[in-house]
Amino acid sequence: MSVLDSKVPEGPIKDKWTNYKNKIDLVNPANKRNIDIIVVGTGLAGGSAAATLAEQGYNVKAFCYQDSPRRAHSIAAQGGINASKNYMGDGDSDYRLFYDTVKGGDYRSREANVYRLAEVSGNIIDQCVAQGVPFARDYGGLLDNRSFGGVLVSRTFYAKGQTGQQLLLGAYSAMNRQIARGKIEMFNRHEMLDVVKVDGKARGIITRNLITGEIDRHSAHAVIIATGGYGNVYFLSTNAMGSNATAAWKIHKKGAFFANPCFTQIHPTCIPRSGDYQSKLTLMSESLRNDGRIWVPARIEDAKAIQQGKLRPTEIAEEHRDYYLERRYPAFGNLVPRDVASRAAKERCDAGYGVNATGEAVYLDFAFAFERYGKEQAKIHGIKNPSKEEIIKLGQGIIEEKYGNLFQMYEKIIDENPYETPMMIYPATHYTMGGVWVDYNLMTTVPGLYCLGEANFSDHGANRLGASALMQGLADGYFVLPYTIGDYLSGDIRTGKIPTDSKEFDEVEKEVTERINFFLNNKGTKSVDHFHKRLGKVMWDKVGMARNEKHLKEAMAEIKAIREEFWKDVTVPGDANEMNMELEKAGRVADFLELGELFAKDALDRNESCGGHYREESVVKEGEQKGEALRNDTDFAYVSAWEYKGEPADAVLHKEELEFKDIELKQRSYK
Ligand SMILES: Cc1cc2nc3c(=O)[nH]c(=O)nc-3n(C[C@H](O)[C@H](O)[C@H](O)COP(=O)(O)OP(=O)(O)OC[C@H]3O[C@@H](n4cnc5c(N)ncnc54)[C@H](O)[C@@H]3O)c2cc1C
């Protein structure tokens, strides 16, 4: 029998969560005052959890490595947040959101969790509106919605291209109320470097003050990890440069299983890489695919001329353009899910049709949208016989209202005006669906240790649909964990304060200090970034958009070799008792160098194509779906949960078998 217990409640899917909430144990308000909770990470998931737990009466200690929770990576989220409100009257429902999410994730997520997510999605919008989040509204003042990939309805709530920022300000203001009341003690510029277990339960953490270098002990009755995703294992990604896997990886090494590490999202609409010295990639929100059309030249000679700078895209006639997503997937067109759109872009570029000097770019063109919106505006404003220029100008005004900040960002980076020339985009690492394994309560395999938001594996299966990460992070923090954690903490009401002067705290603090001293004393010859870039290259080339057995085996060996060299030859300048960003990076890259190998091992084990995980050995060979990814439900309808056993290569696989009782397993088709 599996050691994993998902704790999914019995009963019909639509009643599970309600019945469960009605029956689980609670902590009474007076006892909550005697219970301490640590929340590591104050992005949308951790921030919403910290605010809600403090509101309930628990004593919260919250930690982030930035100088304010307002700077969490969640601030970067552009496009929007999903909810099944059906405000557009286009047939949406909890069931449809549940269905789209399970199908979008290629049937590799836990049904009960996803249904609950859909069920609470509407509450998130109400909560955020009550906080004053300025969601976009239509002419009549009602909340507006737009559409994201992989769905046939419009259910995405947005605040221009700054949805994450506005939601984060909402969560931060809710936190601030509790900081002012003394219910949240906020530790900015503190990095959690390890977790402390006492009698098998998570009871505290060790942190480093990033300004002074001081090492501190913090105890609590439960520890929550909400530290975001691990996309930066690829070195280049759309994530904030500080995003890292240290907290998640450290708890993995202390007993939390790590699930589906190979499920990574490569986002189709990012600004293409420009050269070897780049340290960051930039996302162009998926919302742009509502109005932009994706194409490459249909003729190879035109593609070559463009690559050599001899031809402009606007000079290519309509009949010589290949709108390849509309051609291959007529039902969903430019709004196919991200994994499908990314692979299709790669296929065209690999075939030689890329549209920049590196050959790794496709166009995202708004010319049709300018015209469509312009004509509509001319009618609305009663302009008779408008000229083509007038129409385009009016249409550009509408696009500017919707996506102005994204267009501006593009122009600043590429130095080309996307109102005049189509944008260039290419897939880039963006999001990690894999993460720490959690049960229905969001508890890891370590009692009292929880994991929320992008850091956990739940809900998105093998591919996340656009605008669903914010929904999941806020569902976890505002509406799931605050209920489920009570069930565990009800057993702790008589425990009293957890002391930090115990041997368990001594031991972990010693480990942390020894590692810091090692880095500073190693005096090798190569920088931390040198190793991170090499890791990223192996990850992209061999564990990227297309994977095969040979490359995955090579990747595992190469990552191990880079890791061994890192420990021998890394150099970290500066001191421990000061602000030392190289030291911070060293610890994070050391963890990525282990995680990367487990990632490749997981990809090797999963010899099927599903969602963002594309195994070249597993594709449809014949018929209408020829060349498309081929899932294998007979052998792989499970969550891979890896147990740490020393070297990443020695990790032991535990399988959580996935049951589909409410959705029929089908081969995904967006044709
Ligand atoms: C460019 C971009 C655009 C996106 N747009 C959208 C969108 O439109 N819609 C959508 O649904 N999703 C979007 N996403 C995905 C979404 O933004 C993220 O998945 C989500 O914000 C993650 O939230 P989180 O709270 O889990 O983690 P984060 O926001 O990454 O927060 C992590 C927190 O953990 C802290 N932390 C990390 N490690 C430690 C440590 N060791 N010690 C102490 N603190 C630590 C950090 O300081 C931070 O407070 C986008 C992602 C990117 C990259």
Side-chain angles (χ1 to χ4, degrees), residues 38-50 62-83 124 146 148 156-168 171-172 175 186-195 205-208 210 218 224-232 237-240 242-251 265 267 269-271 280-287 338 406 409 428-433 435 451-456 460 464-474 476-477 584 587-588 591:
I38 283 174
V39 180
V40 187
T42 48
L44 283 175
S48 56
F63 297 81
C64 74
Y65 62 74
Q66 290 94 348
D67 56 358
S68 158
R70 283 194 321 257
R71 297 196 200 284
H73 163 61
S74 290
I75 203 173
Q78 302 171 346
I81 174 165
N82 288 331
I124 299 171
R146 56 188 174 202
F148 265 52
T156 304
F157 294 78
Y158 64 100
K160 245 189 180 178
Q162 306 167 347
T163 315
Q165 180 176 359
Q166 299 305 331
L167 293 171
L168 192 59
Y172 178 62
M175 271 183 81
M186 184 67 223
F187 292 84
N188 298 324
R189 305 298 275 133
H190 277 69
E191 181 164 17
M192 169 196 156
L193 292 180
D194 217 330
V195 66
I205 59 171
I206 303 293
T207 60
R208 178 168 181 270
L210 299 180
H218 301 272
I224 296 162
I225 302 297
T227 47
Y230 52 89
N232 279 348
S237 87
T238 64
N239 290 6
S243 294
N244 69 89
T246 286
W249 192 250
K250 284 297 170 8
I251 67 169
Q265 180 158 83
H267 196 300
T269 56
C270 302
I271 297 183
K280 169 94 188 70
L281 292 171
T282 306
L283 176 78
M284 288 283 101
S285 168
E286 174 161 313
S287 58
R338 294 174 178 179
L406 301 174
M409 195 163 77
T429 304
H430 177 64
Y431 181 87
T432 46
M433 283 77 67
C451 191
L452 316 184
E454 190 173 342
N456 75 24
H460 307 297
R464 172 175 71 80
L465 290 183
S468 285
L470 301 185
M471 171 173 71
Q472 181 229 327
L474 290 180
D476 287 359
E584 292 168 32
R588 296 170 190 170
D591 294 331

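Just follow the structure's listing: the first ligand is 1, and inside any ligand the first atom is 1. Reckoned from all heavy atoms, side chains included, excluding hydrogens, waters and symmetry mates.
The shortest N or O to N or O distance between Gln78 and ligand 1 is below 3.5 Å. By the 3.5 Å distance cut-off applied to N or O atoms, Gln66 is counted among the residues near ligand 1. Of the polar atoms of Tyr431, none of the N or O atoms is found under 3.5 Å from an N or O of ligand 1, judged by distance alone.
Using a 4.0 Å cut-off between heavy atoms, His190 contacts ligand 1 through its backbone alone, with no side-chain atom that close.
Figure legend: cation-pi geometry between Arg338 and Tyr431 absent, as NZ or CZ is not positioned both under 6.0 Å from the six-membered ring centre and within 45° of its axis.
Within the listing of ligand 1, atoms 2 (C), 3 (C), 4 (C), 50 (C), 51 (C), 52 (C), 53 (C) sit less than 4.0 angstrom from a heavy atom of His430. For ligand 1, the atoms lying closer than 4.0 Å to a non-hydrogen atom of Val40 are 42 (N), 43 (C), 44 (N). In the vicinity of Phe63, heavy-atom distances shorter than 4.0 Å reach the ligand 1 atoms 44 (N). The contact set between ligand 1 and Ser468, taken as ligand atoms under 4.0 Å from a residue heavy atom, comprises 11 (O). Of all atoms in ligand 1, listed by their number and element, those nearer than 4.0 Å to a heavy atom of Asn239 are 53 (C). Atom numbering of ligand 1 starts at 1 in the shown order; those under 4.0 Å from a heavy atom of Gly43 are 25 (O), 29 (O), 31 (O), 33 (C), 49 (O). Heavy-atom proximity to Leu44, at under 4.0 Å, picks out these atoms of ligand 1: 25 (O).
At the top of the distance list for atom 42 (N) of ligand 1, counting protein heavy atoms only, stands Met192 N, 2.8 Å. Of the protein's non-hydrogen atoms, the one nearest atom 21 (O) of ligand 1 is Ser74 OG, 2.8 Å. Of the protein's non-hydrogen atoms, the one nearest atom 3 (C) of ligand 1 is Leu283 CD2, 3.2 Å.
Note: Phe63 and Phe187 have parallel aromatic rings, judged against thresholds of 30 and 60 degrees for the angle between ring planes.
Among pairs with a residue in residues 69-79, those fulfilling salt bridge (charged side-chain N to carboxylate O under 4.0 Å, His left out) read Asp67-Arg71, at least two apart in sequence or across chains.
The shortest separation from a heavy atom of Gly80 to ligand 1 is under 4.0 Å, placing the residue in contact. Between Ala467 and ligand 1 there is a heavy-atom distance shorter than 4.0 Å.
Judged as a side-chain hydrogen bond (donor to acceptor under 3.5 Å, both in side chains), and not counting sequence neighbours, Thr42 has no contacts.
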